[in-house]
Structure formats: C-alpha cells, structure tokens
**Student:** 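Structure incoming, see below.
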Amino acid sequence: MCGIFGYIGKKSTAAQIVFAGIKSLEYRGYDSWGVAVVPITNSKVVVKKRIGKIGTASVSDLPPGNIAIGHTRWATHGGVTEMNAHPHTDCLQSIALIHNGIIENYAQLKKELIKSNHKFISETDTEVATHLIEELSKTHEFALSVRMSFKQMTGLNAFIALNAHNQELIAIRNGSPLVIGFGEQENFIASDAPALLPLTHDVYFLKDDEMAVVTMSEVNIYDAANGKFKKIQPQRLDWKKTDASRGKFSYFMLKEIHEQPEIINTLVNQSSISTDQLADRIKKSYGTYLVGCGSSAYVSLAGTYLFSKIANKHINWAPASEFAYHLDFLTAKSLVIALSQSGETMDTLEAIKAAKNSGAQIGALLNVLGSTLYRESHYQLLIGAGIEKAVASTKAVTATLAQLVLLAYTLSDNKKIGQKILIQSVTSIQKLFNNVNNIKNIAHQLKNAHHIYIIGRGLSYPTALETALKIKEISYIHAEGFAAGELKHGVIALIEKGTPCIAYVPNDETYGANLAGAMEMKARGGNIIGISHKSHEIFDEYLEVQDAEEATIIPNIVVGQLLAYFLALEKNLDPDMPRNLAKSVTVK
Ligand code: F6R
C-alpha cells in the first residue's frame, strides 16, 4: 500500500528521478501522488501534489535539486484530496515526509502538537508525524528526532523523512517494506525493489526497527530502538531491467500472463535443494499448514488437494487472516508454510509471527528474495516469477502452483512425474494462447453480466475461487466460485434463464460430478460455459483446455486470467490498476 521513493545524489534532476520511481510504484496505490524537492537555490521544500493516477502528468515544472521524495497514495486516513496527498511538510517547509502505514495514536499526538502551535492543513496521520519530528528537531539532531518520533507512534509504519537543511533522507520502518539502493555518489530508497532496477541492482532490504541515514555519499544503518550502528552488507539483485517494463504488451497483466510458460519451464529445469529440504521437513513435521491471502490463499487451498492426491499427505489450510484462530493446534513440531508473492502481506506476516511464537517451523513459497517473509522463515522456496507489476496476481499464482506440484511429487519420490506434467501444462497454456479468440468472444458475450457463477470440484474448486476473484477484481462483475457439490445446498436458487455459469470439468476423478453440477445449472436455464479437455452437449460455450493431469489446474487458472482480462478490456477498464486495490497489502 502506497509507493514510496527517495533520491539524494549528484544529479540535479532529483524530482524527475523520484517521479519516475513513483510512476513505477503506482501499482501500490493510485488515489493521488506527490513529489517534494529541495531546490538548489535554497532550502525550502517545494511540493507538487495531484489527485488521481499519474497518467500523463509531469514534474518538469519543479526546480532542479539533488534531494527529493515522492509518494503514490492508497488512502487510509483522510479522503482522496490534494491536501491529504503526500509528501507532508512541517510549519517551516524544511522537513517533508512520506509514509506507508497507519499511526494508531495520531489523534492524541496531534492534540499535543496543536498545544505547541503546530498548524495542520490535512486530515492525515502522516502530517502529525511531520510536525512531531519538527517539534523534536528543535532540540535534537534530525535523525534522532525521527527515531524518537517513531518510538512515540503506535502502529505499523514506514517513513522517509527529508531534511532540507542537512540534505539527508532518513528511512525507518516497523511493518511496511523499504529498500535502500546504492549508487555512485547517489543513493535511493523505495518501497519495492523493482522500482530501483533502472538505477541500481545493489540493495539492502531494511528490517523492522531499523533506520537508514542516507546522504549523497553514504548509507548508515542504525537500530531504531537504541540508535546503535549496524554493519550491513548490500545484496545484488539478479532481476532483469526488462522485467519492469511492459515491452510489446499493452498492459502488464497481459505481459505477465504470457510469461507463465517460460517461468514454469525454468522451474522444471532447475534442480532445487530447497525443494528437497522443504519436502523433507514436511515429512518430519506433525501437522503442516498452508496459509496465504487472496489468490495466495486459494493456491494454498489447491496445495491441500495436491499433497493429498500426489503424496498422500494431509495438509491443513487457512486464509492467513484467519490463522490466528488455529494457533491452539501448533507445537514445536508443526510446520506453517506461507505462500506470498510479495513476501510483505501484513496478514501473512502476522500469521507466521504468531506461529513462530508457538514454536512452529516456518516455510515460505514466495517471489521476493530478501522480503520480510523470506527473512522470517526457516525454509524458503522461491517461485522465480520475476517482478509482478499488475495489481492482480497471475504469474505468481501459477508459479506457486508449479512449485507445489514439484514439492508434492518430491515428497512422494516422483519428482520426474511432477516435471513431466508441468511441461504438459506449458503446452496446454500455449494452446490457449493460440486460441485466445475463443476466450475473447466469451468475454464479449459476458460483458453486461451482473453475476457469473463458477463451479468446480477437487482442484477445480480453488480454481473456481481464483477465477471468480480475478473477474471481480478487474472487471467489477460479481462472480462467485464454489464447490460444485454445494450448488444444490443453496446457490442454485440464484440460477435463472441466461445466468452465466462457468463449469470447470477437467479430465480427473471429478469429471462426472462436475458435469452433473453443470446439468443442474442448465436445467434452471443457466448458460453453461464448459472448460474441459473435451466438449459436451450440455455446454452452450466450450473452452478447450488440454489435459496435464494434476497440473491442469495451471492452464485452467490461465483461462480465468484471460477471461477476466478481456472482460476488463470489454468494459474499458484498466486491468493493471483496479479501483480500491493495491499490489501489496501491508496494512492489517
Ligand atoms: C489477487 C491478488 C491478491 C494477492 C493477495 C496476497 O489477484 O493479487 O489477492 O494474492 O493480496 O498477496 P501476496 O501473494 O503478495 O501475499
């Protein structure tokens, strides 16, 4: 939530560098944006803020300067207005602040600051932090004021504070991510590493309760609690610069959908010791849980079916936000495996923190090396999906599924079969891409639908949930995925003449029962869109998905992604930036 970017260095185009940075972070929030720069000619911060997406805006009107910060907002405190957009400044325009998170005790702090004559012009909690730093810096040096302010605030937050007088940036966090980028006589701070790629590959992921004091020539890290200096080693990211651009595709989402075959092929061809180690840990543990949020929750649910079918292993499942209510079952012999693209989702992090406190071991399937989840887990399995920029997750979903297929087959000592069926799934996806017009046509037919119902059993149940989520997220059509067997227990009441009903009917043990579910819908007038390896007379529309055994879930999910994407286009919506959503949900 919220994109944060800071620059300090030899270039006098600080505002433009920061602007490019927040543009590339816009997937984290796009209610409003702002940039603050310290002009070369004086030390009063100049700020430009606008509401809405960045679009074709520019900051060419901002003065040259060597230090700037910028922010794309996903509103929490205060509505979407220019006043509430970040950066916020102090009374003297010599401090500017950008923030990600929620200051829980802001009202109480504000009351005290008003007594000391601080003037507030926004409704935000961030402005309170700005004035608190200003107040403390009257009697303390700047970095210490930031640290002291941070200690007074409750909640989970990340800040970059700009000090115009001393020309320094202070980054501090205890919840939301911040990454420091190292350059030659210039340094950067961003809320996500991909935003740094055009500028540097040398980074340090700031940990909770760490503070970075960043100047043109130096980055120093301190313990935020006691101010002690910490020696750190930057790490080198091996991501490609092209990962962060749309290339020949009109949207990141389409680009990312098309990257899936290559990602799965790469996963299949790499031999990973981490897979063997995690499989071994699952074997030894008494009780394993898969947890995640949103799409990652549905992938976790799919994991339970995969482990049961492939490895004869019972695995528990819970959405990460519900996991706290399962803690009573955990012991030191339990294993909790968190699934997360970003590795920064607050609900997921809270779940594993609680699990760790119960003594459980933590595993993680994730996309971002160095993320909080990566650091907090005992076993890490990277999914290698590369940077995912579209807000709705696609390639990370299927890459995680591919890792789960490999993990389950490794557990059953049949890794080669896992690799074989994943290669079949790649062929099946490619076939979908070749016949994409079929999906486009169905999107065209469904564009005015108010409700879409999606059924599946077994592995197709989480598939139905995931497809419904994608459709809701980016086309804003109400879609409901459910277990086909549950149809007759209630939802069938909603099916009437012409209701769009998508039925996943793959070539597995659920085939007959899924068809029966589709028939029940058809008998009530439902318009049946069958997704299957072969056509059937009850389908009004048919989308072919070539069988890939258990890995058929992967192309089946790709159908849902493409359908959601084309529905968004049919409705003239931007699939990359759906309303009200942000890429990584770093608040509770
Ligand atoms: C759906 C989507 C979200 C994320 C969820 C978890 O398209 O993108 O539901 O899956 O916010 O995010 P990660 O996987 O980063 O923990």
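As the structure lists them, so they are numbered: ligands from 1, and atoms in each ligand from 1.
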**Student:** Give the single entry among Ser340, Ala297, Ala320, Ser393 that approaches atom 8 (O) of ligand 1 most closely by any heavy atom.
**Tutor:** Ser393
**Student:** Are Lys53 and Asp31 ion-paired here, with the side-chain N under 4.0 Å from a carboxylate O?
**Tutor:**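 No, Lys53 and Asp31 are not salt-bridged.
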**Student:** Do Gln235 and Phe205 come within less than 4.5 Å of each other through their side chains, counting heavy atoms only?
**Tutor:**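 SC-SC contact between Gln235 and Phe205 confirmed.
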**Student:** Where is the nearest protein heavy atom to atom 15 (O) of ligand 1: which residue, which atom, and how far?
**Tutor:**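 Answer for atom 15 (O) of ligand 1: Ser342 OG, 2.7 Å.
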**Student:** Show me which atoms of ligand 1 lie under 4.0 Å from any heavy atom of Ala392.
**Tutor:**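 Matching atoms, with element in brackets: 7 (O).
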**Student:** Could you find the nearest protein heavy atom to atom 3 (C) of ligand 1 and give me its residue, atom name and distance?
**Tutor:** Ser295 N, 4.1 Å
**Student:** Just let me know how Val397 lines up against ligand 1, side chain, backbone, both or neither, with a heavy-atom cut-off below 4.0 Å.
**Tutor:** neither
**Student:** Give the residue and atom name of whichever protein heavy atom lies nearest to atom 6 (C) of ligand 1, and the separation in Å to one decimal.
**Tutor:** Cys293 O, 3.2 Å
**Student:** Indicate the ring-plane relationship of Tyr453 and His451, choosing parallel, tilted or perpendicular according to the 30° and 60° boundaries.
**Tutor:** parallel
**Student:** With a distance cut-off below 6.0 Å to the six-membered ring centre and an angular limit of 45° from the axis, does Arg246 pair with Phe252 as a cation-pi contact?
**Tutor:**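 Geometry flag: set, cation within 6.0 Å and 45°.
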**Student:** Heavy-atom contacts with Ser296 under 4.0 Å: which atoms of ligand 1 show up? List them by number with element.
**Tutor:**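 Counting atoms of ligand 1 from 1, those under 4.0 Å from Ser296 are 10 (O), 13 (P), 14 (O).
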**Student:** Look at the rings of Tyr251 and Tyr565 and say which category their plane angle falls in: under 30° parallel, 30 to 60° tilted, over 60° perpendicular.
**Tutor:**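 Tyr251 and Tyr565: perpendicular rings.
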**Student:** So which protein heavy atom does atom 11 (O) of ligand 1 come closest to, and at what separation?
**Tutor:** Val585 CG2, 4.1 Å
**Student:** Would Lys470 count as a contact residue for ligand 1, given that I'm defining contact as a non-hydrogen atom of the residue lying under 4.0 Å from a ligand atom?
**Tutor:**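 A heavy atom of Lys470 does come that close to ligand 1.
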**Student:** Could you tell me which atoms of ligand 1, counted from 1 in the order shown, lie closer than 4.0 angstrom to a heavy atom of Gly294?
**Tutor:**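 It comes down to these atoms of ligand 1: 9 (O).
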**Student:** Would Val391 count as a contact residue for ligand 1, given that I'm defining contact as a non-hydrogen atom of the residue lying under 4.0 Å from a ligand atom?
**Tutor:**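 In this structure, Val391 qualifies as a contact of ligand 1 - some heavy atom is under 4.0 Å.
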**Student:** Which residue holds the protein heavy atom closest to atom 12 (O) of ligand 1, what is that atom called, and what is the gap in Å?
**Tutor:** Thr345 OG1, 3.4 Å
**Student:** Less than 4.0 angstrom from a charged side-chain N to a carboxylate O is my criterion; do Glu388 and Lys395 meet it?
**Tutor:** no
**Student:** Between Tyr461 and Tyr305, what is the ring plane arrangement, given parallel below 30°, perpendicular above 60°, and tilted in between?
**Tutor:**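 Aromatic pair Tyr461/Tyr305 classed perpendicular.
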**Student:** Looking at atom 2 (C) of ligand 1, what's its closest protein heavy atom, distance included?
**Tutor:** Glu473 OE2, 3.6 Å
**Student:** Under 30°, 30 to 60°, or over 60°: which ring-plane class applies to Phe188 and Phe5, parallel, tilted or perpendicular?
**Tutor:**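 The rings of Phe188 and Phe5 sit tilted, inter-plane angle from 30° to 60°.
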**Student:** Would you say the side chains of Ser295 and Lys470 form a donor-acceptor pair under 3.5 Å?
**Tutor:** yes
